[in-house]
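Take a look at the structure below.
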There are 2 protein chains.
Amino acid sequence: METNVVDLVQLRRGCAQCSLQQLCLPAGIGQDDLKQLDEIVRRKRPVAAGERLFRPGDTMASVYVARDGAFKTVSTSEDGEEQVIGFHLPGELIGLDGLGHGRHRVEAVALGTANVCELPFEQLAAIASRLPSLQQQLLRVIGQGVERDQDHLSMLVRRQANERIALFLHGLGERLRNIGESGSRFRLPMSREDIARFLGLALETVSRGFSRLQDDGVIAVAGRRVEILDAAELARLAHGVEAGPPAPRRARS
Amino acid sequence: METNVVDLVQLRRGCAQCSLQQLCLPAGIGQDDLKQLDEIVRRKRPVAAGERLFRPGDTMASVYVARDGAFKTVSTSEDGEEQVIGFHLPGELIGLDGLGHGRHRVEAVALGTANVCELPFEQLAAIASRLPSLQQQLLRVIGQGVERDQDHLSMLVRRQANERIALFLHGLGERLRNIGESGSRFRLPMSREDIARFLGLALETVSRGFSRLQDDGVIAVAGRRVEILDAAELARLAHGVEAGPPAPRRARS
DNA sequence: CGACGCTTTGATTAGAATCAACTCGAGTGG
DNA sequence: CCACTCGAGTTGATTCTAATCAAAGCGTCG
């Protein structure tokens, strides 16, 4: 039962020891305040791929943060179309949708095995109202979520397929680097279909986009393994510039 | 100077007398608490069409609510493309972008002459931390903003032009009805270009969409004057149903 | 009255969706 | 150990939607 022991150790480690501390809700909070926050955090056993933290219509009892593993949040329209609202890497808060009416409007699905911290929202709000630094930090985290949504929006609107894909890879790389992983060589936690539903494209278009980037020498891709070979070029493509340095302005080939 | 007198009366009316009270930040807040909130509200003189409440990069000193008139919030990407993030009718909070980093990332532009209330954010947060009911309401309003953004997102992704336009008109009608105006006969506060940049379409496509809806007898439109003739059909179109009742499935005409 | 901005309409084109077939790899079970 | 299946991903052919380019109509405001 080697793994079980490891799990228990993992489960008992508090926010103060967590490697994500600086990126997560506790960022910038003093020792004493951190202790109070730490006390309401429930560290759950691992969730399996495909498991849901909550579903649309559930009362917003808690918010969650992945310690490791990734999640997607999905909104299903009345006609059954699934729209991926966001991907959530470790340290990024999950479940603040539903702040408006107290009920979740999306579902949060684990993309692989994951470990999460659960923070009962009532208690979180109660502590926040006593600790200005936590209130401020909570607002900041919410605001960052709004910013991510807006960036997502800008990515979807009036940008073409290849730009969206480049922007997606570029952004994902940055977020991975933020949490201390390699931003240039990683395994995508989500399927092509998830990416397509996030970017508002057909999954074939996503696949073609990846292939195109590979042909152009910008990335190397094999299934979910991605390596970014030319980060500068990727960034350029992401911001809507047409061609690459090898052929700055060619006629239609 | 008849108008001036009216303006002054207008300026002095507090939240307690405001017709928007139930829709605005004060909703559900008790008399005593309302008074505290009321004291920090600055009621400004009218702003002219095209004037800005704030610009990208400004520190987020205040949030705003229109008492009358409408605003748009616009994000400008590095390549100069303008994306309309949202439209704001009376009672809807403006300026919560920038919660993440303390600086605005969008600009808020008046679509016509408008009257706004300004709430200095520091003071608002300070009062909120003393009044749980206001804190709760503030979170709720923020949450509703997030929900609107998500709806906007869903509207943009994988819906076709005509659906987006129908959804836009349908949603606008509902919001107008909410603030006590007619939801079926109104004047659009924004240009076709603004709508296009909100919906992620070319302005010609928006114009064609309006014409198409008019041809189908769903709306009557003349410039910015819109009348919704068949609300049920509009709702149906908005939710992705193909044809209307008169011609359930016709070949290309 | 004329000019300008906003809107509508028309013709053409480009980009992505859709439909369809095929490849690859991981399990599964014979 | 190998054939088989199943799901994920890739690639190709075709179609269709909406962008783009272009021009004309309309209303308003000097």
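Lettering of chains follows the sequences in order, A, B, ..., and the numbering in each one begins at 1.
The residue among A/Met190 and B/Ala161 whose nearest nucleotide of DNA chain D lies closer to the 5′ end is A/Met190.
In terms of the side-chain hydrogen bond (donor to acceptor under 3.5 Å, both in side chains) criterion, residue partners of A/Arg52 (sequence neighbours excluded) are, by chain and number, A/Glu107.
No hydrogens or angles were tested; on distance alone, a donor-acceptor pair under 3.5 Å links the side chain of B/Glu204 to the base of D/dC21.
When the side-chain nitrogen and oxygen atoms of B/Arg208 are compared with OP1 and OP2 of C/dT8, none of them lie within a distance under 4.0 Å. For D/dT11, the OP1/OP2 oxygens have a side-chain nitrogen or oxygen of A/Ser211 closer than 4.0 Å. OP1 or OP2 of C/dT18 has at least one side-chain nitrogen or oxygen of B/Arg158 nearer than 4.0 Å.
Looking at heavy-atom distances under 4.0 Å, B/Leu201 makes contact with sugar-phosphate atoms alone, never a base. Residue A/Gly200 is in sugar-phosphate contact alone, with no base atom involved, counting any heavy-atom pair closer than 4.0 Å across all strands shown. Counting non-hydrogen atoms under 4.0 angstrom, B/Ser207 reaches a base of the nucleic acid.
Atom pair A/Arg187:CZ and D/dG9:C1' shows a separation of 13 Å (rounding to whole Å applied). When the C1' atom of C/dT8 is taken as reference, atom CZ of B/Arg224 falls 15 Å away, rounded to whole Å. Put simply, CD on B/Glu193 is 15 Å from C1' on C/dT8, counting in whole angstrom units. Rounded to whole Å, atom C1' of C/dT7 lies 14 Å from atom CG of B/Asp194. Protein atom CZ of B/Arg164 is 12 Å distant from nucleotide atom C1' of D/dA19, rounded to whole Å. Rounded to whole angstrom, the span from the CZ atom of A/Arg192 across to the C1' atom of D/dG7 amounts to 14 Å. Between the CG atom of B/Leu188 and the C1' atom of C/dC6 there is a distance of 13 Å, given to the nearest Å. Between the CD atom of A/Glu163 and the C1' atom of D/dA19 there is a distance of 14 Å, rounded to whole Å.
Side chains of A/Gln83 and B/Ser154: no donor on one and acceptor on the other come within 3.5 Å.
Open room surrounds CZ on A/Arg185; 12 or fewer heavy atoms of other groups in view lie less than 6.0 Å from it.
Among all heavy-atom pairs drawn from B/Ala110 and B/Ala48, the shortest one is CB-O, 3.5 Å.
The structure places NE2 of A/His239 at 9.0 Å from CG of A/Leu234, a figure rounded to the nearest 0.5 Å.
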